[in-house]
There are 2 protein chains.
Amino acid sequence: MTSVLVCDDSPLAREALRRAVATVPGVERVTTAANGEEVLRRWGADRSDLILMDVRMPGLGGVETVRRLLSADPGARIIMLTVSEDLDGVALAVAAGARGYLHKDASRAELRATVTQALADPTWRLAPRRLRSTEMGAAPTLTAREIQVLEGMSHGRSNAEIGRELFLSEDTVKTHARRLFKKLGASDRAHAVALGFRWGLVR
Amino acid sequence: MTSVLVCDDSPLAREALRRAVATVPGVERVTTAANGEEVLRRWGADRSDLILMDVRMPGLGGVETVRRLLSADPGARIIMLTVSEDLDGVALAVAAGARGYLHKDASRAELRATVTQALADPTWRLAPRRLRSTEMGAAPTLTAREIQVLEGMSHGRSNAEIGRELFLSEDTVKTHARRLFKKLGASDRAHAVALGFRWGLVR
DNA sequence: AATCCCGTAACTCTTTTGGGTGACCGTCGT
DNA sequence: ACGACGGTCACCCAAAAGAGTTACGGGATT
């Protein structure tokens, strides 16, 4: 019984990952967890063959969860997932014993290939890689500016106010807004903010 | 060492509660948890004298957490918190052994009085009550309609679309929107959606 | 009985938003 | 060297949003 545990605090990402992993040949069961605590709690009763876990999670972070998991079970195979470029977290996690990481921009095929390989070879370690985006259904990658603008929106600021805050013209803010709407598939700023929360891009 | 554990999945509500409880005379320590799992995990090592817990939480719900907590420790004193009128949940929780409940509209004074009393008398059970709002810093109470409108916004619908969906005129939707903005302290719909997420009013 | 809140709706007026388009400049990777 | 992308800015234009105000009927509370 080959089972994989997917852990991500964002419901949207979690579901997308679950569905993607479920299509991997040989995988019979995919369970999900929303945070590190849940992973640890579940690990006692129900060990999966592979864990895919987001680096950045509220509460117990991904790195700390890796540490605790491996101290409890040195054989656990863990692959970290990362949305943004928080390579620090990834590096720490790999140093702590994670088998490697996948950028969330990885294609669905890439993800499946990686999971397949990790399941087939218990000693396998991932060579860092990243590919195109959106195919996997993972969180769209927003640029730093776009996230700043999205955060401004989530604080109720108008485009003009965001511009003043970031020393940009209102027109530039509007450009960033339009681009991030497109990436998120949002129809307006309220929708964008909601998707930002659901994807875990803002808090 | 009198300590109280506050459990609510919404960060804003959690902080508001923590601060309110911390002002109660005799309370020396207030710890927080974001969900039922965390409460149970923490309970093993660190028992508080009183637990304030939201009824509605993701994952392990409040009611189920009460059950497990009491089966592990029949002496645990738990007061449920409820945002909306989900009296079903409250009734179940009280039936399961919670000492009573507080509506989140309770005033700060009300909350403090209740906590004081619950701490003073181990056998005490709360008589159901509810008071004015916003004093405690808890989530503003939105009406059913207002929440429906807010949800529509979070799905990227325009006022006109929301109106069509709910069989209301666009003007009526705008009225609900204006009222919920006022309650939440939101400057626009994007802000309202963000606050809705932070308060745990929408997902 | 008086009052408050909710739901419904309309009207006006100003501000903001969002789409479309074009443009210039760096940087990075090929 | 070329192209893609990100960041910057501008202009036009139609649609939407938000503020203010008024109003009426129905519950619930006092």
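A, B, ... follow the sequence lines: proteins, then strands. Residue 1 opens every chain.
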Practice prompt. Would you please test B:Arg198 and A:Ser154 for side-chain hydrogen bond (donor to acceptor under 3.5 Å, both in side chains) and show each step?
Written response: CA-CA 10 Å; B:Arg198 299 199 182 108; A:Ser154 84; 3.1 Å; yes

Report the distance from atom [atom1] of [X] to atom [atom2] of [N], rounded to the nearest whole Å.
X	N	atom1	atom2	answer
B:Lys174	D:dA23	NZ	P	20 Å
A:Asp188	D:dA16	CG	C1'	9 Å
B:Leu180	D:dA17	CG	P	13 Å
B:Glu170	C:dT8	CD	P	15 Å
A:Glu161	C:dT17	CD	C1'	14 Å
A:Leu184	C:dG18	CG	P	13 Å
B:Leu166	C:dC6	CG	P	17 Å
B:Arg145	D:dG26	CZ	P	17 Å

[X] side chain N/O closer than 4.0 Å to the phosphate oxygens (OP1, OP2) of [N]?
X	N	value
B:Asn159	D:dA16	no
A:Ser169	D:dA10	yes
B:Arg189	D:dA17	yes

Item to complete: Identify whether any heavy atom of A:Thr172 sits under 4.0 Å from a base atom; if not, whether one sits that close to sugar-phosphate; answer base, sugar-phosphate or nothing.
Response: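 Base contact - A:Thr172 has a heavy atom under 4.0 Å of at least one base atom.
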
Fill in: side-chain hydrogen bond (donor to acceptor under 3.5 Å, both in side chains), paired with A:Asn159, selected from A:Glu170, A:His176, A:Arg189
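It is A:Arg189; the other options fail the test.
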
Picking from [options], which would you name as closest to the side chain of [X]?
X	options	answer
A:Thr143	C:dG7, D:dG7, C:dC11	D:dG7
B:Asp171	C:dA10, D:dC9, C:dT16	C:dA10
B:Phe181	C:dA9, C:dT16, D:dA19	D:dA19
B:Arg179	D:dT8, C:dG7, D:dA17	C:dG7
A:His176	C:dT8, D:dT8, C:dT17	D:dT8
A:Leu168	C:dT17, C:dG20, D:dT8	D:dT8

Check: [X] side chain, [Y] main-chain N or O, donor-acceptor pair, under 3.5 Å:
X	Y	result
A:Arg47	A:Trp43	yes
B:Ser48	B:Ile51	no
B:Arg42	B:Thr32	yes

Discussion item. Which is more 5' along DNA chain C, the nucleotide nearest A:Met153 or the one nearest A:Thr175? Just name the residue.
Written reply: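 It is A:Met153 whose nearest nucleotide is closer to the 5' end.
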
Practice prompt. Please evaluate the base of D:dT21 for a donor-acceptor partner in the side chain of B:Arg178 within a cut-off of under 3.5 Å?
Written response: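 It does, because a donor-acceptor pair links the side chain of B:Arg178 to the base of D:dT21 below 3.5 Å.
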
